[in-house]
Structure formats: C-alpha cells, structure tokens
**Q** 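Here it is, the structure, as structure tokens.
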Amino acid sequence: MRLTLPDGSVRAFDGPATGRNLASSISKGLAKQAVAVEVDGALADLDRPIARDAKVRLVKAGDPEALPLLRHDCAHVMAEAVQDLFPGTQVTIGPAIENGFYYDFARDEPFSTDDLARIEARMAEIVKADKPFRREEVSREEARRRFADTGEGYKLELLDAIPEGEPVTLYHQGDWFDLCRGPHGPSTGRIGAFKLTKVAGAYWRGDAKNAQLQRIYGTAFASEKDLKAYLARIEEAERRDHRRIGREMDLFHVQEEAPGCVFWHAKGWTLWRAVEDYVRRRLDRAGYAEVKTPQLVDKVLWEKSGHAALFGSDMFFLEADEKRTYALKPMNCPCHVQVFNQHQHSYRELPLRMAEFGSCHRNEPSGALHGIMRVRAFTQDDAHIFCTEDQITGETQAFCDLLLSVYRDFGFTDVRIKFSDRPAVRAGDDAVWDQAEGALWDAIRATGLDVILNPGEGAFYGPKLEFVLRDAIGRDWQCGTLQVDIVLPERLGASYIGQDGAKHRPVMLHRAILGSLERFIGVLIEHYAGRLPLWLAPVQAVVATVTNEADAYALEVVQRLQAAGVRAVADTRADKIGYKVREHALAKVPLLFAVGAREAEAKSVSLRRLGSQAQESLSLDDALALCQRDTMPPDA
RNA sequence: GCCGCAGUAGCUCAGCCGGUAGAGCAACGCAUUCGUAAUGCGUAGGUCGGGGGUUCGAAUCCCUCCUGCGGCACCA
C-alpha cells in the first residue's frame with residue numbers, strides 16, 4: 001500500500017497502516033508531534049488504519065487544522081468532568097466552534113460560575129491523566145443499549161438521526177464515552193491550554209419550542225501563550241465596545257425609560273449627519289430620488305401589505321382613536337408603494353429608485369437588544385427600485401458596485417455576500433418564488449462576486465442578498481441587503497404602462513447599504529475603536545491655548561477653520577497645555593493645534609495629530625489648507 | 001421571549017454576618033498663566049433600579065416587576 005506525502009514522496013507499507021505508523025517511519029519527533037492525519041483531504045484519527053493508497057499529511061499539534069480537534073477533545077473532557085461532578089446530568093452535543101467549544105447539558109439545576117472553577121479543576125486532572133482517545137464502531141442496537149443503560153435520552157435521539165448506512169461510532173477516554181463522529185487527537189494529555197468562559201441557556205436542537213439546556217462555553221489552544229493572546233483579544237474587543245466608547249466620547253446614551261431607543265447627543269448626531277450626508281450624496285449621484293413617508297400608518301395598510309399577518313408580532317400598534325388602530329411602520333416599503341401609486345407610470349420611467357432615510361420601529365424581543373446595534377427604533381438607508389424583470393440584473397450589479405464603493409469609503413474592504421432563499425413562512429406562491437429566486441441568482445452571478453447560500457433565511461416577500469462586512473478585529477456584521485419582491489407590488493396594486501399600452505406589475509427591489517444607521521455607526525465606532533477618520537470625527541480639530549494671552553488668536557484660528565468647513569472648537573481654559581493635550585487625546589480628537597505667544601506672533605500653529613507625539617509647526621494658511629484637504633469626505 | 005448573572009454618586013467600584021453610605025476619576029468653585037498625556041486647594045453630588053414584605057430597624061434577608069450584561073431563539 002502506498003501513501004503519498006505532501007512533498008510528493010511515497011511510503012510503502014505491507015497492508016493497512018495508521019498515521020502513527022507513518023509518522024514513526026519518518027521520524028521520532030514527528031511521531032511525538034502528530035495529532036491526526038489527513039487522508040485524501042479528510043481528517044482522521046492517528047490510529048485509524050488507512051486501507052487504501054492515498055495522499056496523506058500528518059497534522060501536528062500547532063497546525064491550524066489541529067485546533068478544532070483539540071477543542072473537540074476538550075469538550076469531551078469537560079463533559080466527563082461535568083458528569084463526574086454532577087451525576088445525573090445528561091450530555092447532548094458538544095462541538096468545536098470558532099473561538100473554542102461548548103457542550104450542552106441537560107440538568108435541572110443551572111451551573112453557577114463557581115461550578116466552572118470546579119469543572120476546570122476536574123478537567124485538569126483528566127488532562128493530566130493523559131487518557132488515550134479510543135474509537136469504537138458499534139451497531140445501532142449496541143449503541144442504543146449502552147446509552148439506554150447510562151440514561152442518555154438525548155443521545156438516543158441523536159442516534160436515531162444518524163442516516164442508515166453511516167457507521168455509529170463511540171469515542172472513549174478511560175471509562176467515559178460519548179457518541180461522536182470524531183476524529184479526535186491521540187489523548188487528553190495533548191490538550192495544551194484551556195479555560196471555561198461562560199454558562200448560558202441554549203435550546204435543544206436550536207429550537208425555542210424545545211427544552212432549554214445548560215451550555216458551558218470554553219476555549220482551548222495548543223499553548224498557554226495562544227490562550228493568553230486570545231484573552232487579550234477579548235479585552236481589546238471590550239475596549240472597543242461601542243457602548244463604552246459612545247459614553248466616553250459623549251456620542252449617545254440609552255436609558256431605562258426607552259429600551260432599544262437611542263438618545264443621540266450633539267457629537268453623536270454630528271457623526272450621524274456626516275454619515276447620512278455622505279450616503280445622500282452617493283444616492284443622489286446614483287439616480288435615486290429621496291422621499292419621506294409617515295411613521296404612523298393605519299393598520300389597514302399593513303393588513304393589505306401582509307405585514308400585519310406575517311410581521312405583526314414585531315410591530316407596535318396603538319389605538320389613538322376609538323375607531324382606528326395605527327401602527328408604527330416597521331418597514332418603509334408599503335409607504336413607498338403609496339408614493340409610487342399617486343401617479344400612473346410609464347415603462348420609460350423605470351427603473352424608478354425611491355430612497356428614504358426611513359425611521360422604523362420594531363418590537364424586538366427584549367433579549368435581542370444590544371447597545372445601538374440592535375434597537376427598536378432605527379433609521380434605514382432604505383430604497384425601493386421599481387423596475388421590470390429585465391432590469392433586475394442591471395440594477396443588482398449597479399447596487400453591488402455602489403455598496404462596495406460606499407463600504408470602501410468607510411474603510412471596510414472585507415465583505416461577504418449571502419443568498420437567502422424562501423423561508424417557511426412566506427407570502428406568494430411557489431411559482432412566484434421560483435421566478436424571484438431565479439432572477440436574483442442570475443443577477444448576482446452576473447456580478448461575478450462570491451456568494452454563500454443561506455437557506456430559508458429570505459424575507460417573507462422575497463429572496464435576499466445579505467452583505468456582511470468584517471471589521472478590524474475580525475467580527476462580522478450584517479449591514480446591507482438587496483431583496484427581490486414580486487409579492488408587494490401585487491398586493492398593493494402597483495403598476496406601470498408598458499410599451500404595449502397595457503398595465504404591468506413592476507418588480508420591487510428593496511435595498512439598503514448601511515442597513516440601519518444606528519447599527520452601522522456602532523460598527524464604525526468599534527472598527528475604528530472610536531478614532532474615526534477625519535471626515536467623520538465629530539470634533540475634527542481643537543485649538544488649545546498655551547496661555548490665555550493667546551486666546552484671541554486661538555479664537556481667530558477657530559473662526560477661520562470653521563469658515564473653511566472644519567468642525568473646530570477652542571480650548572481657552574486656564575489649564576496647562578499638557579493637561580489639554582491629554583484630555584483631547586482621550587476624547588479622540590484627530591487634530592490638536594496648540595497656540596501660544598510664539599504662534600500668535602508668527603500667525604502659525606503647532607499641530608499634533610492623534611496617536612502621534614510629533615509636533616509640526618506650520619503657518620495658519622498652510623494649516624487651513626491641510627484641514628480643508630484632510631477633512632474632505634472621500635466622495636468629494 | 002427563554003436560561004444565567006447584575007443594578008450603590010456622571011464613570012469604575014468598596015460597603016461580608018441587618019444598626020441608617022464611602023473611595024478614585026469626572027463635575028463645579030477659587031488660586032495658578034504654565035510649551036505637548038494629569039497644577040494645587042476646596043465644594044457639591046446618592047428616596048443604594050421600582051414596588052411590596054419580614055424586622056424595633058433593610059443597600060444588606062424574601063417576593064415581584066423593570067432595565068442592563070452573556071448566551072439561546074429572533075433579526076437591519
């Protein structure tokens with residue numbers, strides 16, 4: 001039997017060999033380091049016999065492929081520790097995830113944070129005991145018998161879900177075993193460094209209708225150093241938290257009386273306006289016409305549109321009048337159709353692009369609220385494109401171009417696109433969905449961009465593209481969207497006159513680039529850790545005096561800056577320049593001009609940029625030119 | 001909405017076993033006029049998340065509601 005290594009060399013064995021055999025045949029060191037083997041691209045246990053000729057690669061402890069394996073090992077160790085310490089607890093599932101692993105347990109009593117320390121201690125013993133992981137293939141009946149013996153009802157359910165014909169495998173470590181597909185590392189002793197991080201509730205099989213289990217999260221790394229680096233990353237994320245920075249920079253607040261609603265302070269609103277003004281210019285140039293529609297609309301319209309039936313549980317209704325029920329709009333689309341319907345349209349007017357910075361209210365579940373990222377009152381950079389089916393492709397392409405260019409201007413270059421197709425609860429029949437999904441697929445294929453399928457996640461009225469951007473520390477945020485809708489124009493009677501003189505239904509494309517301004521601004525804050533690019537910074541420049549003798553000059557500088565369109569303020573307090581430098585640096589002001597007697601005399605300024613210790617002396621005129629240039633929005 | 005945890009001054013937190021609230025920073029006032037990350041002194045600030053209960057007495061114990069946080073579910 002011949003095993004081909006990544007370097008092209010071939011090792012021959014008489015009969016089946018394992019990864020461990022292969023490793024020992026190469027070197028002692030490799031045999032020690034190897035934790036798994038990749039056979040024709042699939043990971044396998046080191047002791048799994050390889051029965052056929054294959055391309056193989058040994059995976060070593062520090063390799064990236066080893067990490068999920070190690071974490072899964074750690075999940076098993078945790079499960080053993082938990083069952084040791086808390087008899088009667090049932091195990092369910094325990095996968096490796098992006099930054100670690102979890103295991104869901106069924107136990108009436110919740111785990112406390114104190115329990116985590118106990119569990120960790122027991123885990124350390126299991127790791128120290130260095131128990132080998134052993135794979136055992138068993139018949140269904142055998143597996144059923146064993147899990148029935150141990151009282152593992154959830155495992156029995158999982159067993160039933162394994163497709164006929166697939167092998168049923170158990171993994172043992174000492175006396176403890178679990179139903180598991182594998183693969184695993186060689187032994188518990190190979191888990192480098194681990195830590196349990198949090199306890200949480202989680203539904204069995206991710207369904208809110210099922211029982212709630214107790215989930216314990218943990219993380220594991222090949223070395224203590226990697227674990228430390230990870231924990232430092234978590235701390236960095238906490239430092240960037242938009243809720244903390246929003247308070248520190250005096251941008252906004254939320255308070256008990258208005259859960260999920262943002263109080264924007266002057267500085268935060270300045271940032272908002274910079275964002276909104278920029279998007280407005282981009283939309284203007286891209287052929288959109290901006291409108292503004294009511295927030296309070298009779299329930300009757302939402303019944304017609306289908307929102308009341310399919311989205312009603314997320315809507316706020318109010319009886320302000322004894323005869324009528326109103327709703328706060330959760331979306332802008334039905335209102336835009338009302339605007340569209342005020343005139344008879346010709347095919348010549350299509351595509352008609354109607355934009356609105358639309359204030360929407362949705363009664364989000366209380367547990368979903370999160371700072372300004374997930375709120376109940378938000379503003380979408382929304383637009384609806386009324387077009388013909390033939391125009392879907394062109395409009396989608398133009399939209400993708402616009403969106404990517406806008407994201408680039410805000411400093412985001414890593415964007416993923418998801419295609420969400422028909423959800424279980426939806427309006428419109430299957431033929432309509434076939435048509436809408438087909439059109440959107442054609443359109444996105446035409447852009448040549450990479451797309452990931454996101455099954456069953458479409459809007460109730462149509463399939464959608466979701467644009468997910470990745471921030472500076474690798475977190476994903478869903479912002480933009482494009483949705484094809486053939487249902488709403490029908491329901492609300494939108495039409496245009498075609499070339500043939502007959503009435504036709506337009507297609508509606510719902511689209512947003514930022515998504516909600518609240519969320520997008522939150523993402524911006526975290527992406528930049530509050531150190532916003534100049535064009536977005538609420539205060540772009542502070543002119544601070546060294547002594548009060550320079551006050552008059554400082555005010556003159558500020559005035560000139562403001563006249564040049566720069567958001568500048570003076571700091572003429574009777575404090576030391578060092579104090580002022582510190583304070584404005586903490587407030588994340590990008591440009592700090594210090595002026596004293598020297599500068600007043602010479603009509604110059606001393607510039608210090610945020611994040612730099614360096615001082616630059618330049619003439620007032622040069623400073624004005626520099627500010628004017630550097631504070632310019634990227635589209636100007 | 002569900003599970004768990006938390007809510008004391010603007011912020012970060014102390015205040016364990018019930019005896020009537022404290023620190024640092026911020027704020028404000030006065031003095032200081034100073035050259036690039038903290039000048040000094042002083043002052044003010046809290047129905048201890050809301051309501052109910054137990055008690056002679058509750059920030060502290062119990063119940064309940066609200067809000068937040070971490071997950072889950074849901075989602076822009």
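Just so it is clear: chains get the letters A, B, ... in the order the sequence lines come, proteins before strands, and each one is counted from 1.
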**Q** Give me the distance, rounded to whole Å, that separates B:G51 from B:U12 when you measure between the P atoms they each carry.
**A** 23 Å
**Q** Between B:G19 and B:C65, how far apart are the two P atoms, rounded to whole Å?
**A** 28 Å
**Q** A:A544 near the nucleic acid: base, sugar-phosphate alone, or nothing, with a heavy-atom cut-off under 4.0 Å?
**A** nothing
**Q** We want to know whether A:D207 and A:N210 form a side-chain donor-acceptor pair, criterion being a heavy-atom distance below 3.5 angstrom.
**A** no
**Q** Mind checking who B:G57 pairs with, Watson-Crick or G-U wobble, both distances under 3.5 Å?
**A** none
**Q** What distance, rounded to whole Å, do you find between the two P atoms, one in B:G45 and one in B:G68?
**A** 30 Å
**Q** Could A:R422 and A:E437 be called an ion pair, given the rule that one side-chain N must be under 4.0 Å from one carboxylate O?
**A** yes
**Q** Using the C1' atom in both, what is the distance from B:A26 to B:U43, to the nearest Å?
**A** 14 Å
**Q** Using a heavy-atom cut-off of 4.0 Å across all strands, would you classify A:R215 as base, sugar-phosphate, or nothing?
**A** sugar-phosphate
**Q** Quick check for you: to the nearest 0.5 Å, what is the distance between A:D421 atom CG and A:L440 atom CG?
**A** 10.0 Å
**Q** Below 3.5 Å, does any donor atom in the side chain of A:S366 face an acceptor in the base of B:U67, or the other way round?
**A** no
**Q** With hydrogens left out and only the distance checked, is there a donor-acceptor pair under 3.5 Å joining A:E257's side chain and the base of B:G49?
**A** no
**Q** Report the residue (A:R608 or A:P110) whose heavy-atom-nearest nucleotide on RNA chain B is the more 5′ of the two.
**A** A:P110
**Q** Does B:U12 have OP1 or OP2 under 4.0 Å away from a side-chain N or O of A:R247?
**A** yes
**Q** I want to know whether A:F520 and A:F410 have ring centres closer than 6.0 Å.
**A** yes
**Q** Does the structure show a Watson-Crick or G-U wobble partner for B:A9, both distances under 3.5 Å? Name it, or say none.
**A** none
**Q** Backbone N or O of A:T379 within a donor-acceptor pair of the A:S516 side chain at under 3.5 Å?
**A** no
**Q** Let's go through A:W477 and A:E526 carefully: what are the C-alpha distance in whole Å and the side-chain angles of both, what is the deciding distance for side chain to side chain donor-acceptor pair (under 3.5 Å) to 0.1 Å, and is it a yes or a no?
**A** CA-CA 11 Å; A:W477 300 99; A:E526 300 204 354; 5.3 Å; no
**Q** Which nucleotide, if any, forms a Watson-Crick or G-U wobble pair with B:G18, using both distances under 3.5 Å?
**A** none
**Q** Using atom P in both nucleotides, what's the gap between B:G57 and B:G18 to the nearest angstrom?
**A** 15 Å
**Q** Select base, sugar-phosphate, or nothing to describe what A:C479 touches, counting heavy atoms under 4.0 Å on all strands.
**A** sugar-phosphate
**Q** Test for a donor-acceptor pair under 3.5 Å between the base of B:G71 and the side chain of A:Y203, counting only N and O atoms.
**A** no
**Q** With a 3.5 Å limit on both atom pairs, tell me what B:C72 is paired to, counting Watson-Crick and G-U wobble, or say none.
**A** B:G1
**Q** Mapping A:I577 and A:K198 to their closest nucleotides on RNA chain B, which lands nearer the 5' end?
**A** A:I577
**Q** Touch check for A:H370, heavy atoms < 4.0 angstrom, all strands: base, sugar-phosphate only, or nothing?
**A** sugar-phosphate
**Q** Here's one to test your reading of the geometry: is the NZ or CZ of A:R71 within 45 degrees of the ring axis of A:F101 and under 6.0 Å from its centre?
**A** no
**Q** According to the Watson-Crick and G-U wobble definitions, with both distances under 3.5 Å, which nucleotide is paired to B:G35?
**A** none
**Q** Just to confirm, is there a sub-4.0 Å distance from OP1 or OP2 of B:C69 to any side-chain nitrogen or oxygen of A:R243?
**A** yes
**Q** Check every strand shown and say whether A:G206 touches a base, only sugar-phosphate, or nothing at a heavy-atom separation below 4.0 Å.
**A** sugar-phosphate
**Q** According to a cutoff of under 5.5 Å between the ring centres and under 30° between the ring planes, does A:Y579 stack with the base of B:A38?
**A** no
**Q** Looking at A:K464, does any N or O in its side chain come under 4.0 Å of the phosphate oxygens OP1/OP2 on B:A76?
**A** yes
**Q** Quote, to the nearest angstrom, the C1' distance that separates B:A38 from B:A21.
**A** 29 Å
**Q** Mind checking A:Y217 for me? I need base, sugar-phosphate or nothing, with any heavy atom below 4.0 Å counting as a touch.
**A** sugar-phosphate
**Q** Taking the P atom of each, how far is B:G1 from B:U54, in whole Å?
**A** 30 Å
**Q** Pick the C1' atom in B:A58 and in B:G53, then give their distance to the nearest Å.
**A** 11 Å
**Q** Look through every strand shown and name the nucleotide pairing with B:A27 as Watson-Crick or G-U wobble, where both distances are under 3.5 Å.
**A** B:U43
